[in-house]
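Notes follow once the structure below has been shown.
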Amino acid sequence: MRMFYWAMWGVALAPWSSEARPQFRSEARPAAERQAQVSGLVYDSIAAAPLSNALVQLVSETDRSIAVSTLSDSLGRFAFASVAQGRYVIGFAHQKLDSLLLRPTVQRVIVDGVGNSVRISLSVPSWRTLSAAYCGLPGQRAEATAIMLGRLRTASGAPIVSDHRAVRARWRDVFIDGSGVRSVADSTSFALQTSDEFALCGLPLESSVTVQAWLNADSTGAVELEVPASGVLLRDLVVATPERLHSAGADAPDTARADSETPRARRRSTATVQTIGYVRDTAGAAIARATVAGPGRDAATRTDSSGRFTLSHAPAGTQTLEVRALGYIPRRIIVDLPDTSSAIAPIVLSRVTNLLSTVPVTARRSFAGFEARRRNGVGLFLDADAIRQRNPWDAADILRQLPGVVIGKRTSFSAKILTKFGKQSCEPSIWIDGVELLSKSKDLDAFVSVESIRAVEVFNFPAEVPRDFAGDPFCGAILFWTRE
C-alpha cells in the first residue's frame, strides 16, 4: 500500500510530554534582537471545520533543545509569543491524523528578527489528496468515489505475524441505460502485505457497503457500513484468531480466494465469547424481553426484567448485533468483541411513534371465525401447534416455505412478504387482530411479537380473501391472531 509520509524536512517532532519537552532558552539576548509572534490555524479539510486540541510544536532547526508546544483552541487557533530570530519547523499531531494512517507533518518557519508576526496554516489533508496518495486517483476520479481507511487487529491484541490477510468491501451499483435500470454488484479488495493498515478505494459516496476482513482461515462478520458524504470512511476491523492460527502456515488461504469467495462461503471466527450488555430506552429505563441477535441463530437471546442480556456463543471480532423490541425502532450496531468475556455499552432504542393514525374502535373482529373459515377449506391455516412446530425466529419466519408465499431478502430490519397466484406476485394486506396495517409487511415485529401469535391465515388469491378482510382488491391477505 502506498503510505502517506510527509516528512518534508526530515525533522521529527519533539516529544509530546510536558515534562520532557524543552522550552525556549532564557539566556540574555542582544538588545537589538527583536522577537515575533508565530500564530495560525489548524484546519480539518475532511470535516470542513477547525481542528481543536491539536498539539502544535515549534522546533528550532539548528538547536533541537529549543522547542515549544501548545494546543489549538475550539476554533483551531494557536499562537507562540516571543519567538526569537531563527529558522524553525512547525507541525501538529492529532488523533485524526492517526485514524487517517498519516504521520505528523512539518513545514519551515523563518522568523526574520525585525518583529514581524508570522502566520502559519496547518491542515488535515483533503479527501482529494488522500485519494491521490492512497489510490492514485487524481482529479475528477478522486471526487467521484470514496475511500475506507483502517487497521486490521486481533481480538486478543496479539501481533499479526501471518501474511495471509485481506480486506474486502462489496456493494451494488444501479445504472440506467438503453436497456433500462440495471443493478450490478461491485467490490474492491486490499491484500495487506507489510503492515496492518489498509485502504479500500473506489467506494460509492453516501451509500452502504458490506465489509469483511480475513486473517488465515478466520474472518470478521460481514458488517454493513455507511460511506459518509465527506468521502472518507474510517473503521478498524478486528479478527479473532486462535493461537494455533497465528502462524503463517496454519490453514492459510491466499488473497485471490478472498476476492472470489463470498463471506458466507468462508469460515467465521472459531473463537466464541460471552458478551454482556443492557438495552435501554431514550429515558434510560430498562427494556425487558428485547431480542438481541448476533451472527447465526446460536448467538441470540432476550433481555431480562433489568434489560440485561448475555450472548454466550457470539463470535469474537468485529460483528453485527441486531436489537429489536415490540414498540421500538430496531437497531443494528457494530461491536468489536475481544477473545475474552466482555461488556458492551448500553444499547438505546427509540419508541415507534406516528406509524398509524388514531382510530376510534367500537368493535373488534373476533378470532371466533378462524375455525369456520378453516372448515371451508379456502386458504392456508396455522394454529398454535403448527406455529410451535415451526419454531419461528420472527413473525415473517412463520410464513416461510408455505405454498404461494415468498419471503424476500431481509434489508435493514424488514423482510418483504409476497403472495403468488399463477405467474404474478404482489404484496398482500396484513391484518393483526382484525386491524389492517397501513405499512403492509414492513417490519411486522414492530407491531406483533412472534411469541404472542396464536394463529395465522393466508389467502394467496384476491378472490379467496373473506369479505371482512378485503383490503387490496388486486392481492391476497395474511391474518395474524394474537393471544388474549
Side-chain angles (χ1 to χ4, degrees), residues 289-291 293 302 322 324-330 351-352 355-359 361-408 410-421 425-484:
R289 296 192 62 75
T291 301
R302 295 189 183 275
E322 291 189 0
R324 58 173 65 240
L326 185 62
Y328 293 87
I329 300 174
R351 282 193 173 275
V352 175
L355 291 180
L356 291 175
S357 301
T358 302
V359 177
V361 178
T362 57
R364 170 175 165 170
R365 294 179 178 87
S366 172
F367 172 71
F370 175 86
E371 291 297 339
R373 289 187 293 272
R374 180 158 65 170
R375 285 194 297 270
N376 288 337
V378 178
L380 301 172
F381 297 84
L382 298 176
D383 57 18
D385 291 336
I387 294 174
R388 192 179 305 110
Q389 291 175 4
R390 286 178 166 268
N391 190 26
W393 174 248
D394 54 23
D397 204 29
I398 297 176
L399 308 172
R400 200 173 300 279
Q401 295 182 346
L402 286 180
V405 179
V406 177
I407 307 299
R410 180 172 291 277
T411 59
S412 184
F413 294 98
S414 63
K416 181 175 289 188
I417 301 172
L418 301 175
T419 55
K420 298 182 65 177
F421 52 96
S425 61
C426 58
E427 194 171 0
S429 301
I430 302 293
W431 299 73
I432 297 178
D433 291 331
V435 178
E436 183 181 7
L437 294 188
L438 300 182
S439 60
K440 291 192 175 181
S441 65
K442 300 295 189 300
D443 194 19
L444 285 173
D445 294 279
F447 300 94
V448 60
S449 65
V450 66
E451 295 87 356
S452 67
I453 298 174
R454 64 168 171 171
V456 179
E457 303 177 49
V458 180
F459 302 97
N460 295 332
F461 297 89
E464 293 180 345
V465 180
R467 183 175 58 184
D468 290 344
F469 305 98
D472 187 342
F474 303 103
C475 197
I478 300 178
L479 283 55
F480 290 88
W481 298 99
T482 62
R483 296 180 176 86
E484 295 294 343

Can you check whether V406 reaches I417 side chain to side chain, under 4.5 Å on heavy atoms? no
Which heavy atom of C426 sits nearest a heavy atom of G476, and at what distance? SG-N, 4.3 Å
Go through F459 and L479 one step at a time and tell me if the side-chain contact (heavy atoms from CB on, under 4.5 Å) criterion holds. CA-CA 9 Å; F459 302 97; L479 283 55; 4.1 Å; yes
Do side-chain atoms of R454 reach the backbone of T482 as a donor and acceptor pair under 3.5 angstrom? yes
Would you name the heavy atoms of P392 and V450 that are closest together and state the gap between them? CG-CG2, 3.6 Å
Here the gap from D397 atom CG to I407 atom CD1, rounded to the nearest 0.5 Å, amounts to 8.0 Å
R375 CZ to F381 CZ distance, which is reported to the nearest 0.5 Å: 10.5 Å
Identify the heavy atoms of P428 and I478 that sit nearest to each other, and give their distance. CG-CD1, 3.9 Å
Heavy atoms of R351 and Y328 approach each other most closely as NH2-OH, 3.0 Å
Kindly give the heavy-atom pair with the smallest separation between A395 and F480, and that separation in Å. O-CE2, 4.2 Å
Indicate the atoms forming the closest heavy-atom contact of A386 with D383, along with that distance. N-OD1, 3.0 Å
Check against side-chain contact (heavy atoms from CB on, under 4.5 Å), W481 and I453: CA-CA 6 Å; W481 298 99; I453 298 174; over 6 Å; no
What's the spacing between I387 CD1 and Q389 CD if we round to 0.5 Å? 10.5 Å
Reported CD-to-CG distance for the pair E427 and L418, which is rounded to 0.5 angstrom: 6.5 Å
Can you check whether G434's main-chain N or O pairs, donor with acceptor, with D468's side chain at less than 3.5 Å? no
Would you indicate whether the side-chain heavy atoms of L402 and R390 approach each other to under 4.5 Å? yes
Does any N or O in the side chain of R289 come within less than 3.5 Å of the main-chain N or O of L326, such that one atom is a donor and the other an acceptor? no
